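Note: hydrogens, waters and symmetry copies are ignored here, and every other heavy atom, side chains too, is used. Since the model is a prediction, treat every value here as computed from it, not as a measurement. Order of the sequence lines sets the chain letters (A, B, ...), proteins ahead of strands, with each chain counted from 1.
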Amino acid sequence: DVKVTQSSRYLVKRTGEKVFLECVQDMDHENMFWYRQDPGLGLRLIYFSYDVKMKEKGDIPEGYSVSREKKERFSLILESASTNQTSMYLCASSLWDSTYEQYFGPGTRLTVT
Amino acid sequence: AQTVTQSQPEMSVQEAETVTLSCTYDTSESDYYLFWYKQPPSRQMILVIRQEAYKQQNATENRFSVNFQKAAKSFSLKISDSQLGDAAMYFCAYRTPYGNKLVFGAGTILRVKS
């Protein structure tokens, strides 16, 4: 079974803090994704990576950056957290051909106060 | 840009009954992929069913089936013999053949009554 894990289920941070969200997958998938989930908006893609050290912006990259130094790990970074970044963050991975399904992690609910 | 619309924020169904969740999408592409994902409360999102646009036959996975109307750009999910475990948020998603990105709808919360 594919397993995608995220470093925290719940996280509370203060405005202006630097925040790291970590995602690890154990199936040697080439693609990894970070989404943000908000009520009434569904999932919106923040960034994705198709290989180590490669990344592409998604639909809402502003205020976020990512890092992929190893194939199994994809990090989302909030350089200076703001209250409007309070949300559920989902990580996913897939094989190189993403007609295959994306496998999702359990999500991190981030609250910025 | 492609968009996916789920017009039903919430739906309810009696256990053992059938329910249909609606999804429409907008695209100028002729070849693409469509997905339904299920997100149970406090659990990970999983794939329910997938449809390739070039296939005329509707996809089926056990109690889950789709009604894919390409000309109408409609992709509804039918759940037969609903079970309590079907209660979840359901997301419709679209993917182009040449990209890695999924475009998701806003989701439909399905409640199952016993």
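The side-chain heavy atoms of A:Gln37 and B:Phe91, taken from C-beta on, include a pair separated by under 4.5 Å.
Within a 6.0 Å sphere centred on NZ of B:Lys78, other residues, nucleotides and ligands contribute 12 heavy atoms or fewer. The neighbour count for B:Asn62 CG, taken as heavy atoms of other residues, nucleotides or ligands under 6.0 Å away, does not exceed 12. Counting heavy-atom neighbours within 6.0 Å of B:Glu10 CD, excluding the residue itself, gives a total above 12.
When all heavy atoms are compared, the tightest approach of A:Gly40 to B:Ala106 is O-CB, 3.4 Å.
Note that CE of A:Met88 is 6.5 Å distant from CD of B:Gln39, once rounded to the nearest 0.5 Å.
A chain of hydrophobic side-chain contacts below 4.5 Å, direct or via other Ile, Leu, Val, Met, Phe, Trp or Tyr residues, connects B:Phe68 to B:Ile79. Residues B:Leu47 and A:Met32 are members of separate hydrophobic clusters, defined by side-chain heavy-atom contacts under 4.5 angstrom among Ile, Leu, Val, Met, Phe, Trp and Tyr. Linking Ile, Leu, Val, Met, Phe, Trp and Tyr whenever their side-chain heavy atoms come within less than 4.5 Å leaves B:Tyr37 and B:Tyr25 in two separate clusters. If you chain together hydrophobic residues whose side chains sit under 4.5 Å apart, B:Phe104 and B:Leu21 never meet in one group.
Heavy atoms closer than 4.5 Å to chain A are found nowhere in B:Gln6, neither backbone nor side chain. Only the side chain of A:Asp59 comes within less than 4.5 Å of a heavy atom in chain B; its backbone stays farther off. Residue contact with chain B, scored on non-hydrogen atoms closer than 4.5 Å, involves the backbone and the side chain of A:Leu43 alike. If you measure heavy-atom distances from A:Arg44 to chain B, you find no contacts under 4.5 Å at all.
Interface summary for chain B: among A:Ala92, A:Pro39, A:Pro106, the most heavy-atom pairs under 4.5 angstrom belong to A:Pro106. The choice from B:Arg43, B:Gln44, B:Met45 that makes the most heavy-atom pairs within less than 4.5 Å of chain A is B:Gln44.
Put simply, the residue from A:Tyr35, A:Phe48, A:Phe33 that forms a side chain to side chain contact (heavy atoms under 4.5 Å, CB included) with B:Leu102 is A:Tyr35.
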